[in-house]
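Heads up: the structure comes next, in structure tokens.
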Amino acid sequence: MRYSQLLLPTLKENPAEAEVVSHRLLLRAGFIRKLTSGVYSYLPLGLAAIRKVEQIVREEMNRAGAQELLLPVVQPADLWKESGRWEKYGPELLRFKDRHNRESCLGPTHEEVITDLVRMNVHSYRSLPLNLYQIQTKFRDEIRPRFGLMRGREFIMKDGYSFDIDEDGANVTYRKMYDAYHRIFSRCGLSFRAVEADTGTIGGSFSHEFMVLAETGEDTLAICKSDDDKCGYAANLEKAAGAAPQPAEPEVEMLPLEKVETPGKRKVVAVTAFLDISPKQLVKTMVYLADGKPLAVLVRGDHEVQEVKLKNMLGAVDVELADDKQIFDATGVPSGYLGPVGIRIPVVADREIAVMRNFVVGGGEKNYHLLNANLGRDFEVEQIGDLREVTAGDHCPRCSGELEFTKGIEVGHIFKLGTAYSEALNATCLDGKGREKHFVMGCYGIGVSRTVAAAIEQNHDKDGIIFPMPITPFKVVVLNLSPDDKEITSAAEQVYNGLREQGIEVLLDDRDERPGIKFKDVDLIGIPYRVTVGKGFAKDGTVEVRERRHGRTETMPLAEAAAFLLERIDREMATLNG
RNA sequence: CGGGGCGUAGCGCAGCCUGGUUAGCGCGCCUGCCUUGGGAGCAGGAGGUCGGAGGUUCGAAUCCUCUCGCCCCGACCA
């Protein structure tokens, strides 16, 4: 490709709308342009990078035995009503009516459509396992789209769905996908980690997220840092559990409940300072609205409620923290003094509370707290479970190691769905004994456009993008520094053509621009290798080959450049494909 | 939806508080000269419903009301 013919509108300055680095660089490097909030046009280079990721995904999915197909974007409401998600999915599902007033939606995910397709066409266990995937534009009307391609409303996703006759088969398929995902992100040249995750709106029993490690990640990961990674426990903070709390030994005796005046002390820090105790000796009473109904949640003073865990325990669609007025309306107690003793709304407790003795709680009236409260003696709760967020210093649930935290970008998510969808849509086939069975399903997503953004988050410097070799739009750029000079131009063309003949994707910068502009532009767009044909060639017939990532530069005769690059590129690709 | 901020040329911004003739600056773009190994220089030029509607006023980018859009923090998620 010749730069002079390419739509590649680079920007010198950072667009005001872009905050995170991948967003800034994607805009500056002329890869994307925004149409409206969360909706982007992919320009030729942006699309080229996406196509690279798609191709790797395709190869690895096919290698793992999956088949590619393409499902409709527009989907009838009836199917979603059948699965129950027309009501459950919420406003993220973009709904509309067609000219006949039929309700429809834009597909945010395709469990319904694929399950319908399979139930209509697969009737025997002999056809299983079946693993189908597509690479397609998805639309989710996100509450808050942001960070360019990181969280768009319209984005490109690979979504795959598997169908097995039984749980064992589904586990084998899940494992295959787990391995395929490792290969995919390795081949993309990314540093990533698979973590245990919450299943979210997709539902199902078990899942892993694939996280690209980057500071700008929206997710927090808890990783066990036991020696040499032996344990390997890693989980999304939404899911991460600490080691189970141990009761004190010997058993601490319960002291008499005592009411104390704590005037104006509402926050944990204020109460504990006033009473001269540690936050670990206090239990806070948080009020949530679970699907609109008030509920008190007890956690230790130094802990925070993990809302996803709470939601899962309650089986609620939505939980949100109540405000002061809602707390007072529901309990008759002003916020800050609410406690579980004598409370008039249901209470659930974090499991830590069960092993605590003689703790401080709100007094149930303004300006009072209670000392020496104890679960079972002074109050009861409806449910006890793991409801808190793990914190630094918590120990791994599997081994004794400490947990540490890091930020990640979710680029892939795999789920064991079980029979949730096949039952809802009554999708069955016959097993070897002629019995009707619901398909045991799995689903497997990769954010293709997000993967490109994540790669940039992880690979850039002050001058621009530094593409990993497998997903770069061009592997080499040839700079013709003197388009007016016949000899230099013909030399640049020679390298360019030589590389093209070898099947290397190469960009020839043949623009009539000053050298500085060319250097800046090609640094910005992040092509791994640059060949400069300029005054060096005029002097002694040499060209300069420079590596984008480390800036290492070598000068060599023109004739050697193509072979040199070919060898380097092959070596790098081989390492990643390893 | 709650909280914060912003809409003036393709991009980045000033002007607005305190209303006053042809609305500015830098970059980019076009023409010419010149220059050619890290975003040069000179000269000339094109490009604007000041997000939109309504109002106040002799007069509105500027003041008021409404509205639309965008960005950031939270709930959502590939």
Side-chain angles (χ1 to χ4, degrees), chain A residues 9-20 23 27-28 30 33-39 53 57 89-93 108-109 135-160 181 197-202 207 209-212 218-219 236 238 288-289 307-308 311 317-321 323 409-415 443-454 463 479-485 488 512-524 530 532-539 543-544 546 551 553:
Chain A
T10 58
L11 302 172
K12 250 170 147 170
E13 288 170 287
N14 283 324
E17 70 189 47
E19 201 99 328
V20 302
H23 189 195
L27 286 166
R28 279 194 57 205
R33 284 294 182 264
K34 184 179 69 186
L35 182 60
T36 184
S37 179
V39 179
V53 174
V57 168
Y89 210 94
E92 211 175 291
L93 183 63
T109 176
I135 297 173
Q136 185 205 43
T137 295
K138 292 280 186 283
F139 193 93
R140 296 183 185 175
D141 201 356
E142 290 279 344
I143 297 167
R144 185 153 86 87
R146 57 185 150 170
F147 304 155
L149 295 192
M150 291 260 265
R151 180 178 298 282
R153 292 192 296 163
E154 187 176 302
F155 60 98
I156 297 174
M157 178 174 171
K158 185 285 292 185
D159 50 324
Y181 272 43
D198 181 64
T199 51
T201 30
I202 305 286
S207 83
E209 287 169 336
F210 287 76
M211 295 285 190
V212 167
E218 294 182 271
D219 288 278
N236 192 309
E238 293 174 353
Y288 279 84
L289 298 178
E307 293 182 13
V308 173
K311 196 156 102 177
V317 174
D318 179 58
V319 300
E320 67 178 317
L321 199 55
D323 62 30
I409 301 164
E410 180 187 354
V411 289
H413 200 163
I414 60 177
F415 303 78
C443 89
Y444 317 96
I446 289 178
V448 172
S449 41
R450 180 184 283 178
T451 299
V452 172
D463 294 317
L479 294 193
N480 174 358
L481 288 192
S482 302
D484 292 340
D485 182 310
I488 287 176
D512 183 18
E513 293 287 358
R514 297 167 54 82
I517 290 177
K518 298 189 176 192
F519 289 136
K520 289 291 185 191
D521 273 337
V522 303
D523 280 352
L524 181 61
R530 181 183 87 191
T532 307
V533 186
K535 68 180 182 193
F537 181 77
K539 196 171 74 186
V543 298
E544 176 197 287
R546 182 184 163 97
T553 303

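Everything numeric here is computed off the predicted structure, so don't read it as measured data.
- Using a 4.0 Å heavy-atom cutoff across all strands shown, K158(A) reaches no nucleic acid atom at all.
- With centres under 5.5 Å and a plane angle under 30°, the ring of F155(A) is stacked against the base of rA78(B).
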Item to check | Evaluation steps, side chain to side chain contact (heavy atoms under 4.5 Å, CB included), between T451(A) and I446(A) | outcome: CA-CA 8 Å; T451(A) 299; I446(A) 289 178; 4.0 Å; yes
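- Among the protein residues, K539(A) comes within range of no part of the nucleic acid, since none of its heavy atoms lies under 4.0 Å from any strand.
- For the pair L479(A) CG and rG39(B) C1', the interatomic distance rounds to 14 Å; values are reported in whole Å.
- Summarising the geometry, the separation between CZ on R151(A) and P on rA78(B) is reported as 9 Å, rounded to the nearest angstrom.
- Note that the CG atom of L481(A) and the CZ atom of F537(A) stand 12.5 Å from one another [nearest 0.5 Å].
- Taking only side-chain nitrogens and oxygens, K311(A) comes nearer than 4.0 Å to OP1 or OP2 of rC76(B).
- Looking at heavy-atom distances under 4.0 Å, G534(A) makes contact with a base.
- A straight line from CD of E410(A) to C1' of rC76(B) spans 11 Å, rounded to a whole angstrom.
- In this pair, Y181(A) and Y444(A) present their aromatic rings perpendicular. The plane angle is above 60°, beyond the 30 to 60° band.
- The separation of rG44(B) from rA61(B), taken at their P atoms, amounts to 29 Å, rounded to a whole angstrom.
- Within 3.5 Å, no donor on the side chain of R140(A) pairs with an acceptor on the base of rC77(B), nor the reverse.
- Among the protein residues, D484(A) comes within range of the nucleic acid bases, having at least one heavy atom under 4.0 Å from a base atom.
- Taking atom CG on L27(A) and atom C1' on rC11(B), their separation rounds to 11 Å, with Å as the unit.
- Spacing of C1' atoms, rG48(B) relative to rC63(B), comes out at 23 Å, to the nearest Å.
- Judged by distance alone with a 3.5 Å cut-off, no donor-acceptor contact links the side chain of R144(A) to the base of rG2(B).
- Side-chain atoms of E13(A) and base atoms of rG26(B) include a donor and an acceptor less than 3.5 Å apart.
- For rG7(B) and rC11(B), the C1' atoms lie 15 Å apart once the distance is rounded to whole Å.
- Contact between the side-chain N/O atoms of T36(A) and the OP1/OP2 oxygens of rG69(B) is not found at any separation under 4.0 Å.
- Residue L481(A) is in base contact, counting any heavy-atom pair closer than 4.0 Å across all strands shown.
- Between rA53(B) and rG12(B), the distance separating the two P atoms is 23 Å to the nearest Å.
- Residue G90(A) is out of contact with every strand shown, counting any heavy-atom pair closer than 4.0 Å.
- Straight-line distance between the P atoms of rU49(B) and rA9(B): roughly 9 Å, to the nearest whole Å.
- The phosphate of rC70(B) (OP1 or OP2) has no side-chain N or O of R146(A) nearer than 4.0 angstrom.
- Atom NZ of K12(A) is separated from atom C1' of rG38(B) by 12 Å (rounded to the nearest Å).
- Distance, E17(A) CD to rG69(B) P: 16 Å, rounded to whole Å.
- The distance from atom NE2 of H413(A) to atom CG of D159(A), rounded to the nearest 0.5 Å, is 14.0 Å.
- With C1' as the reference atom, rC16(B) and rU62(B) are 4 Å apart, rounded to whole Å.
- Within the 4.0 angstrom heavy-atom criterion, base atoms lie near R546(A).
- Residue order along RNA chain B, read from the 5' end via each residue's closest nucleotide, puts V20(A) first among E238(A) and V20(A).
- As judged by a 4.0 angstrom heavy-atom cut-off over every strand, G152(A) is placed among the base-contacting residues.
- Side-chain N/O atoms of D523(A) and base N/O atoms of rG38(B) include a donor-acceptor pair closer than 3.5 Å.
- Atom P of rC70(B) sits at a distance of 22 Å from the matching atom of rC77(B), rounded to the whole Å.
- Both H23(A) and V411(A) lie close to RNA chain B; mapped to their nearest nucleotides by heavy-atom distance, the more 5′-ward contact belongs to H23(A).
- OP1 or OP2 of rA78(B) has not a single side-chain nitrogen or oxygen of S449(A) nearer than 4.0 Å.
- At whole-Å resolution of the value, CZ in R153(A) and P in rC76(B) are 19 Å apart.
- No hydrogens or angles were tested; on distance alone, a donor-acceptor pair under 3.5 Å links the side chain of D521(A) to the base of rG39(B).
- Between the side chain of E544(A) and the base of rG37(B) there is at least one donor-acceptor pair of N/O atoms closer than 3.5 Å.
- Heavy atoms of F147(A) sit under 4.0 angstrom from primed sugar atoms or phosphate atoms, though from no base atom.
- To the nearest angstrom, P of rG38(B) lies 15 Å from CD of E513(A).
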